Amino acid sequence: MLIATWNVNSLRARADRVEDWLRRTDADVLAIQETKCKDDNFPWELFEMNGYEVAHFGVNQWNGVAIASRVGLDDVERTFADQPAFGKGGKDPIQEPRAIAATCGGVRVWSLYVPNGRAREDEHMPYKLSWLDTLNRQAAGWLAENPDAQIALMGDWNIAPQDDDVWDIDYFVENELTHVSEPERAAFDAFLDTGFVDVVRPHTPGPGVYTYWDYTKLRFPKREGMRIDFVLASPALAERVTGASIDREERKGKGASDHAPVLVELG
DNA sequence: ATGGTGGTACAACCA
């Protein structure tokens, strides 16, 4: 079984790319982030015509997550328990559409779009950190309930956990940029402490291996990217992993997302 | 010059 995650940066703008990609890779499950639409605008036919069931969680033009599967799509869940809400300036806080789950072929798949902290002192940063902390607590509970659970926490984590996960760590440190700060890395590492495993890194060793390249500043041709998209597997699922890859080719050409798909093969 | 883009309620906001 082949499972994958991909921040598409608008599903409508990327519909042809996504369809071509599904046909080319023959993926069984695709966790999607940044659909950037509500249900009314969601391209349901794209998936149905290609043999996939799909579940979507989107409320406006921001964020939005989905799971497409052709190995079953059961017990769909939107948001995780106690998921922190956010409202800019403290008004009208909502639980943003950043997490959706479904059971696909026996695997509990979560498509996650972790909030961007914007800046180290921005109000989005504590939101990001509490969002991750709450998710980790829930995930710990799932494992405590069933140590053999096959769970995939996959998506755009907006964190570069190691120095090699950005093209120039000195640039990030000197400019006090996000994604590499100590609190963000601690929030990511907490999932590893819980027992989850980054199952992609062993098959795609760095340095210089990334999943995201900013559209600006010629970042992609200059190979200046960041590894911020991850598949964290529960122990039982990690044992099944036989391979993983980052589809850097998909970042090429006109009309590409700024993120590359990340794929995991299960035996 | 570590700038250059690209997505979305088309106008600012988001990454």
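Letters A, B, ... mirror the listed sequences (proteins, then strands); counts begin at 1. Keep in mind that what you see is a predicted model, and the values were worked out from it rather than measured. Just the heavy atoms: all of them, side chains too, but no hydrogens, waters or symmetry mates, feed the values below.
- For the residue pair A:His179/A:Asn158, the side-chain donor-acceptor check at 3.5 Å is satisfied.
- The side chain of A:Glu224 lies closest to B:dT2, out of B:dT2, B:dG6, B:dT8.
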Requested in this report: With ring-ring contact (aromatic ring centres under 6.0 Å, His included) as the test, would you mind laying out the steps for A:Phe230 and A:Phe188 before giving the verdict?
Outcome: CA-CA 10 Å; A:Phe230 296 92; A:Phe188 183 89; 5.0 Å; yes
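- Of the candidate nucleotides B:dT2, B:dT5, B:dC13, B:dC13 has the atom nearest to the side chain of A:Trp62.
- The nucleotide B:dC13 finds its pairing partner in B:dG7, both defining distances of the Watson-Crick or G-U wobble pair being shorter than 3.5 Å.
- Here the nucleotide nearest the side chain of A:Asp168, chosen from B:dT2, B:dG4, B:dG7, is B:dT2.
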Report task. Begin with the C-alpha distance, continue with both residues' side-chain angles, and end with the deciding distance and a verdict on ring-ring contact (aromatic ring centres under 6.0 Å, His included) for A:Trp167 and A:Tyr210. Result -> CA-CA 9 Å; A:Trp167 78 93; A:Tyr210 311 120; 7.7 Å; no
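- Base engagement by A:Asn60 is indicated by at least one non-hydrogen atom pair under 4.0 Å involving a base atom.
- Here A:Thr216 lies in heavy-atom contact (under 4.0 Å) with a base.
- With distances taken from any side-chain atom of A:Asn9 to the nucleotides B:dA9, B:dT2, B:dG7, the minimum falls on B:dG7.
- Side-chain contact annotation: A:Asp156 with A:Trp6, donor-acceptor N/O pair under 3.5 Å absent.
- Across all strands, A:Tyr212 comes closer than 4.0 Å to no nucleic acid atom at all (heavy-atom distances).
- Residues A:Ser10 and A:His124 both approach DNA chain B. Their nearest nucleotides, taken by heavy-atom distance, put A:Ser10 toward the 5′ side.
- Taking 4.0 angstrom as the limit, A:Arg14 places none of its side-chain polar atoms (N or O) nearer than this to OP1 or OP2 of B:dG6.
- A:Arg219 comes within 4.0 angstrom of a base, heavy atoms only.
- Comparing B:dT5, B:dA9, B:dG7 by their closest approach to the side chain of A:Gln61 singles out B:dA9.
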